[in-house]
Amino acid sequence: MADRLFPLLRRSIDGPVALFGHSMGATLAFELARSWEESGSTPHALFVSARTAPSRHRTGGTVHLRTDEELIERIRSLDGTDRQVLDDEELLRLALPVLRADYKAAETYAYRSGPPLNCPVHAFTGDQDPLVNEHEARAWADHTRAAFTLHTYTGGHFYLVDHRADILDVVRRRLGLS
């Protein structure tokens, strides 16, 4: 994904860039930051949320191989999708192929070693997240030569819904916008 997305972003963005990714999006943001640096530019910052550090990627994820019902139950268990969406059979059937593809991308991602980033990395996590623990989130520090911070909030995988204002405040401060 990053290989296809980077050229489009590079052509569209003229100036400083900061990247934020939640869950699988954190891995995508990391790979985009690597691409940015390989092109000779360093992002202002990388913000990663609810994801293990790439070098600590958990193996053996099989959610993308489960039945539709099991996939839906997994999504329900993370408590980040509105119940009205999960109770709408037609909408759910339309969304399932996309959700399954997202899980497949996240579960089959293979980290390739390389130099640490030159930009700061700021990690965010929920203290009850079943998909990433504090140790795995803290391992993002290994992926930067610059500053690293870890911000832990109460909540599960979608902790950021309840802490949106605090997270935006951290992002603004780290970008020098407040």
Side-chain angles (χ1 to χ4, degrees), residues 1-61 63-64 78 80 98-127 129-153 155-161 163-164 166-168 170-177:
M1 282 188 278
D3 290 341
R4 293 198 308 218
L5 186 56
F6 176 70
L8 300 171
L9 291 173
R10 188 74 172 141
R11 283 193 302 268
S12 303
I13 298 173
D14 182 30
V17 66
L19 301 158
F20 183 101
H22 178 79
S23 196
M24 181 187 72
T27 302
L28 178 58
F30 168 73
E31 290 295 340
L32 287 169
R34 288 176 121 183
S35 294
W36 232 278
E37 290 196 354
E38 288 166 3
S39 77
S41 241
T42 298
H44 187 74
L46 172 62
F47 300 93
V48 293
S49 171
R51 184 72 168 165
T52 61
S55 58
R56 305 288 167 88
H57 180 71
R58 293 180 177 178
T59 58
V63 174
H64 73 281
L78 294 175
V98 174
L99 293 168
R100 189 175 301 283
D102 282 354
Y103 270 99
K104 182 177 182 181
E107 292 174 344
T108 61
Y109 168 76
Y111 170 72
R112 60 180 167 79
S113 64
L117 297 170
N118 293 308
C119 67
V121 174
H122 306 288
F124 301 86
T125 190
D127 63 358
D129 190 337
L131 302 181
V132 57
N133 62 45
E134 185 177 335
H135 177 73
E136 293 166 325
R138 190 170 298 286
W140 279 98
D142 298 338
H143 294 280
T144 183
R145 291 183 179 104
F148 171 77
T149 60
L150 175 62
H151 305 269
T152 303
Y153 297 89
H157 192 65
F158 290 99
Y159 71 91
L160 69 172
V161 173
H163 299 283
R164 180 181 7 237
D166 291 335
I167 293 164
L168 288 173
V170 169
V171 170
R172 279 197 231 39
R173 282 194 330 263
R174 297 296 176 190
L175 294 177
L177 300 175

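Please read these numbers as outputs of a predicted model, since none were measured by experiment.
Residue Thr144 holds its OG1 atom at 8.5 Å from CG of Leu46, rounded to the nearest 0.5 Å. Atom CG in Leu28 sits 10.5 Å away from atom CG in Asp102 (nearest 0.5 Å). Distance check, rounded to the nearest 0.5 Å: OG of Ser113 to NE2 of His143 gives 10.5 Å. Distance check: Thr52 OG1 to Tyr111 OH gives 12.0 Å after rounding to the nearest 0.5 Å. His122 NE2 to Leu175 CG: the interatomic distance, rounded to the nearest 0.5 Å, is 7.5 Å. Summarising the geometry, atom CG belonging to Leu160 is positioned 11.5 Å from atom CG belonging to Asp166; distances are rounded to the nearest 0.5 Å.
Listed here is the closest heavy atom pair of Ala123 and Ala137: CB-O, 4.1 Å. Closest heavy-atom contact between Leu117 and Val121: CD1-CG2, 4.2 Å. Pairing each heavy atom of Glu37 with each of Cys119, the nearest pair is OE2-N, 3.2 Å. Across every non-hydrogen atom of Pro116 and Arg145, the tightest pair is O-NH1, 3.1 Å. The minimum heavy-atom distance linking Gly155 with Asp127 is given by the pair N-OD1, 3.0 Å. Smallest separation of non-hydrogen atoms from Tyr159 and Gly126: CD2-N, 3.5 Å.
Applying the side-chain hydrogen bond (donor to acceptor under 3.5 Å, both in side chains) criterion to Arg34, with sequence neighbours excluded, gives Glu31. The side-chain hydrogen bond (donor to acceptor under 3.5 Å, both in side chains) check on Thr42 picks up nothing, with sequence neighbours excluded. Glu134 meets the side-chain hydrogen bond (donor to acceptor under 3.5 Å, both in side chains) test with Arg138; sequence neighbours excluded. With sequence neighbours excluded, no residue satisfies ring pair (Phe, Tyr, Trp, His ring centres under 6.0 Å) with Phe148. Under the rule for a side-chain hydrogen bond (donor to acceptor under 3.5 Å, both in side chains), Arg172 has no partner lying at least two apart in sequence or in another chain.
A donor-acceptor pair under 3.5 Å links the side-chain atoms of Arg100 to the main chain of His64, judged by distance alone. Judged by distance alone, with hydrogens and angles left aside, the side-chain atoms of Glu107 form a donor-acceptor pair with the main-chain N or O of Val63 at under 3.5 Å. Listed for the Trp140 side chain is no donor-acceptor partner under 3.5 Å among the backbone atoms of Leu150.
Results of the ring pair (Phe, Tyr, Trp, His ring centres under 6.0 Å) test with His163 over Phe124, Tyr153, Phe158 single out Tyr153 as the only residue that passes.
A heavy-atom distance below 4.5 Å is found between the side chains of Thr149 and Arg174. Here the side chains of Ser23 and Val132 are not in contact, with every heavy-atom distance at 4.5 Å or above. For the pair Glu38 and Phe6, the minimum side-chain heavy-atom distance is 4.5 Å or more.
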Extract all donor-acceptor atom pairs below 3.5 Å that involve side chains of residues 9-22 and protein atoms in other chains or at least two apart in sequence.
| residue | atom | partner | partner atom | Å |
| --- | --- | --- | --- | --- |
| Ser12 | OG | Leu8 | O | 2.8 |
| His22 | ND1 | Ser49 | OG | 2.7 |
| His22 | NE2 | His157 | O | 3.2 |

